[in-house]
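Have a look at the structure below before the remarks.
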There are 4 protein chains.
Amino acid sequence: MGVQIESTVKDPERIRERRKQIVRASVELFIEKGFHKTTTREIAKASGLSNGALYEYVKSKEDILYLVCQHIHQEIHERLADSLSSHETALERLRHAMTSFLSVIRDMEDEVLLIYQESKSLPPHHLHDVLQNEQVITDVFVQLLQDGLEDKSLELTEETIPLVAHDIIVLGQMWAFRRWAIRDMDFSEFVRQQINMILRTEPDHSSILRT
Amino acid sequence: MGVQIESTVKDPERIRERRKQIVRASVELFIEKGFHKTTTREIAKASGLSNGALYEYVKSKEDILYLVCQHIHQEIHERLADSLSSHETALERLRHAMTSFLSVIRDMEDEVLLIYQESKSLPPHHLHDVLQNEQVITDVFVQLLQDGLEDKSLELTEETIPLVAHDIIVLGQMWAFRRWAIRDMDFSEFVRQQINMILRTEPDHSSILRT
Amino acid sequence: MGVQIESTVKDPERIRERRKQIVRASVELFIEKGFHKTTTREIAKASGLSNGALYEYVKSKEDILYLVCQHIHQEIHERLADSLSSHETALERLRHAMTSFLSVIRDMEDEVLLIYQESKSLPPHHLHDVLQNEQVITDVFVQLLQDGLEDKSLELTEETIPLVAHDIIVLGQMWAFRRWAIRDMDFSEFVRQQINMILRTEPDHSSILRT
Amino acid sequence: MGVQIESTVKDPERIRERRKQIVRASVELFIEKGFHKTTTREIAKASGLSNGALYEYVKSKEDILYLVCQHIHQEIHERLADSLSSHETALERLRHAMTSFLSVIRDMEDEVLLIYQESKSLPPHHLHDVLQNEQVITDVFVQLLQDGLEDKSLELTEETIPLVAHDIIVLGQMWAFRRWAIRDMDFSEFVRQQINMILRTEPDHSSILRT
DNA sequence: GATGAATGAGGGTTCATTCAT
DNA sequence: TATGAATGAACCCTCATTCAT
């Protein structure tokens with residue numbers, strides 16, 4: 001799954017191991033200084049590898065960026081998937097998922113920001129794959145909305161589902177990429193409001209329109 | 001207004017002129033290749049300036065990025081401000097503003113994306129200023145929401161206004177930074193849905209919750 | 001004539017000047033250590049240029065090799081052409097040319113060897129051009145042989161001319177690339193014998209075959 | 001005979017075996033990409049050895065080049081020696097040898113070219129040995145010429161023998177290193193002309209001079 | 001003010017060789 | 001003996017910036 005990154009090394013266990021080191025170090029560095037201003041030497045050093053060894057697990061600096069993006073998406077997706085509940089109605093499951101998603105975003109705000117800012121530096125092939133991963137995460141919500149359509153706990157039309165799902169993602173990721181504007185807001189308040197923006201469940205607030 | 005960029009040149013008219021050339025050329029280049037992959041030589045050439053002349057109107061490559069971001073924000077803000085209507089109710093003015101805003105985003109999707117992806121490369125001082133400009137644009141909607149609170153054409157609480165304003169901005173800019181996911185959607189359909197996401201004005205759709 | 005080498009610099013006079021420095025330094029270095037073991041830093045330093053300046057007059061290290069080969073061929077060709085005499089018979093002109101050619105080879109043995117050993121590292125396009133230059137030099141002898149055919153001072157058939165011309169070149173260049181085997185031979189003796197090999201003019205030695 | 005190459009391995013049989021693999025692979029690679037552009041990893045892989053194993057049969061990359069040159073010379077020499085005839089006169093034996101030599105050159109043109117282009121990269125000690133091997137081959141012709149002097153089937157003076165022998169070698173190897181200029185010539189025609197260049201045996205062509 | 005040649009630090013990457021297993 | 005991961009010096013080249021003219 002995803003694009004295969006070549007390696008000179010044969011032992012797959014070791015590859016996994018070393019790449020984990022590389023990714024861990026790189027995430028930190030990329031967050032701190034950005035992809036372009038981070039040197040491969042720094043990455044090697046922070047990974048506990050020599051300059052040469054780094055290139056046995058990766059073919060280019062861009063590969064590292066890809067690995068980083070993939071790793072971040074994986075973690076987000078895993079944590080989101082793990083938190084999927086089995087409440088009776090899709091509405092309740094959706095609300096729960098949104099809450100979980102938002103809390104993942106908060107935990108990984110730097111990482112989310114990283115993807116927003118650096119993924120454009122990926123070569124087309126890898127970029128495509130990263131965007132696909134973003135879609136995979138979005139699809140979790142597409143599914144939940146679909147469920148709501150079926151069990152009628154949500155009222156919406158089929159055609160709007162894709163965009164609504166993206167809205168959910170984006171209104172959540174905002175916490176990461178608009179930090180500067182929201183920093184003084186309480187996170188739980190943010191959660192409450194964004195969920196309400198999507199669902200309008202609060203009494204007498206099904207719309208911000210005056211009835 | 002904004003951060004002053006130093007110049008060796010005295011004549012302010014000439015400075016304005018030359019910087020316009022620089023910005024025009026840079027926007028295009030940055031969109032095409034990204035900030036880091038664009039060289040100052042390319043910028044100079046595309047601006048019709050010599051390598052040395054460039055540095056008489058600008059002190060560093062980062063200054064150019066700043067000029068570019070500022071210019072983009074200015075244009076967005078101008079066009080948004082110009083389109084502010086004088087409808088009776090704030091609700092109507094808001095709806096009109098959102099529509100205008102979205103159409104500006106569509107016209108300038110590359111530029112919007114540019115700011116999302118490259119502004120992080122600004123030195124802190126300039127970054128701060130750019131974010132402030134983003135806030136200025138957001139404040140247009142803050143004001144409209146406030147108006148709606150006052151003329152009671154909108155129903156919301158004071159505290160939610162800032163975040164709702166940001167939501168409006170972000171749900172609009174999505175068109176630029178989620179193009180890859182939305183490309184096959186009709187723009188007017190996008191507009192309709194996003195406005196509805198914010199306002200829930202469509203009959204029987206004041207909420208996606210089943211009543 | 002020849003393949004154009006790009007330069008960032010505009011002033012053609014300066015380009016010529018600087019490239020002369022580069023070539024002069026490189027010939028020496030390439031002869032001493034070979035193309036691959038010579039670094040661009042060494043070349044820059046020996047040329048009296050900075051690392052960066054070097055690359056304003058040349059696009060790659062291979063370009064330098066090309067410039068070097070071209071320069072060597074040019075000099076050989078010039079000196080050969082300059083020495084072309086106007087003796088009555090083609091035979092005499094040929095003998096004179098061969099003598100001159102051999103003395104050029106002796107003066108430039110290192111350079112001749114350089115081309116033999118390093119031209120293979122040229123990119124195809126440039127290699128082709130270098131070989132063409134080699135042919136140009138060969139053609140000097142082709143012409144002389146042709147003349148001899150016409151004025152009947154030489155007895156040979158048209159079809160053998162090309163190969164004989166190449167033989168002349170190669171039997172001369174031997175002095176450079178077989179030095180190790182010939183070093184203890186007197187140069188004038190070498191000249192005498194090689195010319196005799198081609199012309200068999202010495203009394204009673206028109207062939208090494210016993211009559 | 002030749003320079004001893006060190007090895008960590010004891011069993012001489014195994015050494016011979018492995019080095020044969022190494023040489024076979026390297027010849028091909030060096031011909032294809034040149035010595036410097038061929039990596040030891042490629043050699044190891046193509047030899048069916050591991051990176052480390054390679055260095056148990058050879059102490060450096062240059063050693064491999066030496067082995068390669070030696071092998072090529074050996075094969076040329078062997079094939080030349082094998083073809084030595086026992087015709088009555090030295091002249092006839094010489095003509096036969098030249099024909100054989102030329103056909104060896106044709107079969108091994110890539111290898112001959114390889115030695116011309118890469119032997120310069122050998123460390124002095126090894127280079128000396130390789131040149132000596134070249135001399136050994138030359139000496140085959142020295143001997144034949146000497147024989148001709150003795151049985152008087154050739155007319156030449158003792159002092160010219162060494163150079164004539166080298167001329168024979170070089171006029172033959174031309175087929176390899178001047179391929180680009182001669183490619184459209186028929187090989188048998190080449191043979192005929194080159195032998196005639198040396199021997200001038202064709203009727204009425206004992207010299208290219210008009211009598 | 002303008003030009004464009006010059007600077008030089010530093011970047012990503014390679015690869016001959018070594019060495020722990 | 002064999003393996004293949006690790007090392008790290010070194011390479012070619014780029015480019016933001018400066019400065020003599």
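Residue numbering restarts at 1 for every chain, and letters A, B, ... go by the order of the sequence lines.
- Between K45(A) atom NZ and dG11(E) atom P there is a gap of 13 Å when expressed in whole angstrom units.
- Summarising the geometry, the separation between CZ on R41(D) and P on dT14(E) is reported as 10 Å, rounded to the nearest angstrom.
- Across all strands shown, dG4(E) forms a Watson-Crick or G-U wobble pair, both distances under 3.5 Å, with dC19(F).
- If you take CD of E42(D) and C1' of dG4(F), they are 17 Å apart, rounded to a whole angstrom.
- Taking for each of K61(C) and L54(D) the nucleotide of DNA chain F with the nearest heavy atom, the 5'-most of the two is the partner of L54(D).
- A donor-acceptor contact closer than 3.5 angstrom is absent between the side chains of R24(D) and Q21(D).
- In this structure, T8(C) reaches the sugar-phosphate backbone alone: every heavy-atom distance under 4.0 Å involves primed, P, OP1 or OP2 atoms, never a base.
- Here Y55(D) does not reach the OP1 or OP2 of dC19(E): none of its side-chain N or O atoms lies under 4.0 Å away.
- The side chain of R14(C) contributes no N or O atom lying less than 4.0 Å from OP1 or OP2 of dG4(E).
- In this structure, N51(A) atom CG and dG11(E) atom C1' are separated by 11 Å, rounded to whole Å.
- Residues E42(A) and K33(A) are paired through a salt bridge, judged by an N-O separation under 4.0 Å between the basic side chain and the carboxylate.
- Here the side chain of K10(D) is nearest to one of dG12(E), dT1(F), dA2(E), namely dT1(F).
- Checked for salt-bridge contact, E13(B) and R16(B) meet the test: a charged N lies under 4.0 Å from a carboxylate O.
- Nearest heavy-atom pair across H126(C) and I5(C) is CE1-CD1, 3.7 Å.
- The distance between atom NE2 of H36(C) and atom C1' of dA16(E), rounded to the nearest whole Å, is 15 Å.
- The phosphate of dA2(E) (OP1 or OP2) has a side-chain N or O of R18(B) nearer than 4.0 angstrom.
- Comparing dA2(E), dG12(E), dT7(F) against the side chain of S50(A) picks out dT7(F) as the nearest.
- The main-chain N or O of T38(A) is found under 3.5 Å from a side-chain atom of K61(A) such that the two form a donor-acceptor pair.
- Considering only the side chain of Y57(C), dA5(E) comes nearest among dT17(E), dA16(F), dA5(E).
- Where G52(B) and E56(C) meet DNA chain F, the nucleotide closest to each residue was compared, and E56(C) sits on the side nearer the 5' end.
- Distance NZ (K37(A)) to P (dT14(F)): 21 Å, rounded to an integer number of Å.
- Put simply, T40(B) has a side-chain N or O that comes within less than 4.0 Å of OP1 or OP2 on dA16(F).
- The residue among A53(C) and T38(A) whose nearest nucleotide of DNA chain E lies closer to the 5′ end is A53(C).
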